[in-house]
A.B. asks: 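Once you've had a glance at the structure underneath, I'll fire off some questions.
Below, each value reflects all heavy atoms present in this structure, side chains not excepted, and no hydrogens, waters or symmetry copies. By convention here, the first residue in the shown sequence is residue 1.
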Amino acid sequence: MARADYKNAIIYQIYPKSFMDANHDGIGDLRGIINKLDYLKNLGINTLWLNPIFVSPQVDNGYDVSNYYAIDGKMGTIEEFDQLIKAAHQRKLKIILDLVLNHTSDQHPWFQDAIKNPKSIYREYYLWAKGQNGHLPNNWASFFGGSVWEADPCQPNNYYFHLFDKRMPDLNWKCPEVRQAMVNIAKFWLSHGVDGFRLDAFIHLAKADFNQDFPAHGKKEPVIAEPFYANLPQVRTYLREFVHQLRLIKPDLLILGEAASADIDLTAAYTNPQDELCDTVVTFRYFESLTEQADKRLPKELQSLPLDFGHLKEVMATWQKNLENISYLTLYWNNHDMPRVLEKVGINYRSQPTIAKMLATLMYLQRGIPCIYYGEEIGMQNLSYDQIDALHDEQAKKAWQAAVDQQMSANKALELICRSHKMAARGVMQWDASKYNGFSDVKPWNFGHNTAVNVHDELVNDQSVLQYYRRLLKLKKQQLFVDGKITLENTNDDLYVYRRTLKNQTAIVICNLTHQAQQYQLQQPADDILLQNGRITLAQDLITLSAYGSLVIKVN
């Protein structure tokens, strides 16, 4: 995939632990992925993104790496990885690996040496600060709760920095040896044939000086201080150096960056082809929820609140227009850091498959790069659990207990959290209707109650979500839906409508966002229906779409 041609990528995100278990231990593995490559090829994708597969204590499901040069034993071996690369390339599928640049596990040999030896050269690999007058170095909060500071086992009144879990210390990218070490790691995997990298949390590589507290408005507990550790200008300097060295080896390298909090200006900067940084980035700015229905006994982020399509429409209209001469957006509904989208749209509507098809039509035929989360193509939803402990998340457990203490029923609190939590979106791939969904013949690592959808049944049903995704992705590969200009129409809030135009071709994508029939008046004569979902009628250029219906139509 030439870098100039990255716009043709159709990415499928695999959470390896949950995709397919081939060695009968309840955990997905590389051999399982190899066994399903034909399924993926037939789906219509051309690029696989694998969440972390390196050696890890699994404090954060693989994002805490203790050895970047080896495959975690539960996932497989380096030989199996090489077999995966070979088998994928034979099918013209690309492989990109999730590379964690911001931090390591506290079990990594670098950190272990740093905390055991005050004179260790690896002290420079991490970030340290002295306490101030009996207090922590500053009041910054970790994204995982509490302070970013943890006591240094090696020296009194000294602390190391961790933006995430305390067992995941941040690397010091000011240190040239760190920067070169991460380049060397990436080069190693390039030598094994990988086609690119998804750069985890790269926006946090640079931090401000530690001597500045963040305004806390009288609060004594640590506070999130993103302006001091996200999207600082030095990030681009580090990233430019990193990517440049890799592209000297592989000019067609695909770089997908995770830029969760990046606004439109930062997204443009990170993806400007003149600056040789990322090809495209994932930003979390697309989605907001309608909060009117929120229950004050639970945090909003732990409730499955309806998606705000009005906000999405504004974002897409603005971002598509501003980036049209710079880069291509990443188009996604789901990933491992969020609940599955079907928990936020048409929750009580009887036909979830119709909603799933409409959402795919809305998102993936826009200008940009589809990024499909495993199981999305069959309409998978979040798992539900019988116990709050099954989520393995302390913040969720504390919120559940607080809600129960405020007279919310335990079952209701658990239901709301299950529908909104990222762990419940990491259920095993549902291959068939057997006890463990065809994923394994033993109980999976993350198992709960799921919706009754599976690949086996959908393969033989021409009206299934899976078969619709196949048709949609085939359509997406047409030049009109890759290179065509996009224009979002100013419709009422019940519709999402846009045009794709290339030379003398025009297609209109019309999506009904509601559980009631909606109408749309064509301004040009209809030529050909390219894709249809739900009951659609066309009379004198007046289109009527049934609940959550969608239509892709060429016009003259």
A.B. asks: With the threshold set at 4.0 Å, does a side-chain nitrogen-carboxylate oxygen contact exist between R198 and E258?
C.D. replies: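 So R198 pairs with E258 through a salt bridge.
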A.B. asks: Give a yes or no on whether the ring-centroid distance for F202 and F242 is below 6.0 angstrom.
C.D. replies: no
A.B. asks: I'd like to know if D337 pairs up with R426 as an ion pair, taking the criterion as any Lys NZ or Arg NE/NH1/NH2 lying under 4.0 Å from an Asp or Glu carboxylate oxygen.
C.D. replies: yes
A.B. asks: Is a side-chain N or O of Y160 found less than 3.5 angstrom from the main chain of W128, in a donor-acceptor match?
C.D. replies: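 It does not hold such a pair.
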A.B. asks: Is it true that D152 and R123 make a salt bridge, defined as a side-chain N closer than 4.0 Å to a carboxylate O?
C.D. replies: yes
A.B. asks: Would you say the side-chain atoms of H108 and N67 include a donor-acceptor pair closer than 3.5 Å?
C.D. replies: no
A.B. asks: Does a donor on one side chain sit under 3.5 Å from an acceptor on the other, for D98 and Y63?
C.D. replies: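 There is such a pair between these side chains.
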A.B. asks: Are the charged groups of E415 and R419 less than 4.0 angstrom apart, N to O?
C.D. replies: yes
A.B. asks: Where do I203 and A260 come nearest, in terms of heavy atoms and distance?
C.D. replies: CD1-N, 4.0 Å
A.B. asks: Go through the steps for K207 and D170 under the test salt bridge (Lys or Arg N to Asp or Glu O under 4.0 Å), then give the verdict.
C.D. replies: CA-CA 10 Å; K207 281 83 173 174; D170 280 41; 2.8 Å; yes
A.B. asks: In this structure, is the centre-to-centre distance between the rings of Y69 and W189 below 6.0 Å?
C.D. replies: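 No, the ring of W189 stays outside the 6.0 Å limit from the ring of Y69, centre to centre.
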A.B. asks: Centroid separation under 6.0 Å, is that true for the rings of F143 and H204?
C.D. replies: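 Between H204 and F143, the centre distance is under 6.0 Å.
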A.B. asks: Please confirm whether F447 and Y436 have ring centers closer than 6.0 angstrom.
C.D. replies: yes
A.B. asks: Is the backbone of L302 close enough, under 3.5 Å, to the side chain of S420 for a donor and an acceptor to pair up by distance?
C.D. replies: yes
A.B. asks: Could you tell me if the ring centre of Y122 sits under 6.0 Å from that of F111?
C.D. replies: no
A.B. asks: Kindly say whether the aromatic ring centers of F164 and H103 come within a distance under 6.0 Å.
C.D. replies: yes
A.B. asks: Without swapping roles, check the side chain of N139 against the backbone of P222 for a donor-acceptor pair under 3.5 Å.
C.D. replies: no
A.B. asks: Side chains of N211 and N138: do they bring a donor and an acceptor to under 3.5 Å?
C.D. replies: no
A.B. asks: Do S409 side-chain atoms and K412 backbone N/O form a donor-acceptor pair below 3.5 Å?
C.D. replies: yes
A.B. asks: Answer with yes or no after comparing the ring centroid distance for W333 and F287 against a 6.0 Å cut-off, counting only values under it.
C.D. replies: yes
A.B. asks: Could you tell me whether a side-chain N or O of N437 sits under 3.5 Å from a main-chain N or O of F439, the two making a donor and an acceptor?
C.D. replies: no
A.B. asks: Is there a side chain to side chain donor-acceptor pair (under 3.5 Å) between Q13 and N51? Walk through the geometry before answering.
C.D. replies: CA-CA 7 Å; Q13 180 189 354; N51 285 108; 2.9 Å; yes
A.B. asks: Is the distance between the ring centroids of F228 and F214 under 6.0 Å?
C.D. replies: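 Aromatic pair counts; centres sit under 6.0 Å.
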A.B. asks: Any luck finding a side-chain donor-acceptor pair between E376 and N334 under 3.5 Å?
C.D. replies: yes
A.B. asks: Any side-chain donor paired with an acceptor under 3.5 Å for Y12 and E377?
C.D. replies: yes
A.B. asks: Tell me whether the rings of Y328 and Y6 are parallel (<30°), tilted (30 to 60°) or perpendicular (>60°).
C.D. replies: perpendicular
A.B. asks: Hey, is R247 close enough to D279 for a salt bridge, meaning N to O under 4.0 Å?
C.D. replies: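 Answer for the salt bridge query: yes.
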A.B. asks: Restricting to non-hydrogen atoms, name the atom on M363 and the atom on L331 that form the minimum distance, rounded to 0.1 Å.
C.D. replies: O-CD1, 3.3 Å
A.B. asks: Looking at E241 and R179, is there a salt bridge between them, counting it only when a charged N and a carboxylate O are closer than 4.0 Å?
C.D. replies: yes
A.B. asks: How about Y548 and Y349: are their ring centroids closer than 6.0 Å?
C.D. replies: yes
A.B. asks: Under 3.5 Å, is there a donor-acceptor pair between the side chain of R340 and the main chain of A425?
C.D. replies: yes
A.B. asks: Side chains of S327 and T271 only: does a donor on one sit below 3.5 Å from an acceptor on the other?
C.D. replies: yes
A.B. asks: For residues Y159 and F210, establish whether the separation of their ring centroids is below 6.0 Å.
C.D. replies: no
A.B. asks: Under 3.5 Å, is there a donor-acceptor pair between the side chain of S66 and the main chain of V55?
C.D. replies: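 Yes, because the side chain of S66 sits within donor-acceptor range (under 3.5 Å) of the backbone of V55.
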A.B. asks: W445 and S18: side-chain donor and acceptor closer than 3.5 Å?
C.D. replies: yes
A.B. asks: Verify the distance criterion only: is there a donor paired with an acceptor across the side chains of Y126 and T104 at less than 3.5 Å?
C.D. replies: yes
A.B. asks: Examine the side chains of K344 and S289 and answer whether a donor and an acceptor come within less than 3.5 Å of each other.
C.D. replies: yes
A.B. asks: With I185, which of L101, L99, L190 fulfils side-chain contact (heavy atoms from CB on, under 4.5 Å)?
C.D. replies: L99
A.B. asks: Is it the case that the side chain of N446 and the backbone of M423 share a donor-acceptor pair, with hydrogens and angles ignored and the cut-off at 3.5 Å?
C.D. replies: yes
A.B. asks: Quick check against the 3.5 Å criterion: does N172 have a side-chain atom that pairs as donor or acceptor with the backbone of E124?
C.D. replies: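 It does hold such a pair.
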A.B. asks: Quick test of your reading of the model: are D275 and R236 salt-bridged, counting only N-O distances below 4.0 Å?
C.D. replies: no
A.B. asks: Take D195 and T47, measure what side chain to side chain donor-acceptor pair (under 3.5 Å) needs, and give me the verdict at the end.
C.D. replies: CA-CA 9 Å; D195 302 288; T47 305; over 6 Å; no
A.B. asks: Can a salt bridge be assigned to the pair K74 and D72 using a cut-off of 4.0 Å between side-chain N and carboxylate O?
C.D. replies: no
A.B. asks: Is D389 salt-bridged to K397, going by a charged N under 4.0 Å from an acidic O?
C.D. replies: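 Answer for the salt bridge query: yes.
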A.B. asks: Does the pair D393 and H421 meet the rule for a side chain to side chain donor-acceptor pair (under 3.5 Å), with working shown?
C.D. replies: CA-CA 9 Å; D393 187 288; H421 202 277; 3.2 Å; yes
A.B. asks: Determine whether the side chains of S105 and D64 contain a donor N or O and an acceptor N or O closer than 3.5 Å.
C.D. replies: no
A.B. asks: May I ask you to decide if I417's main-chain N or O and Q303's side chain share a donor-acceptor pair within less than 3.5 Å?
C.D. replies: no
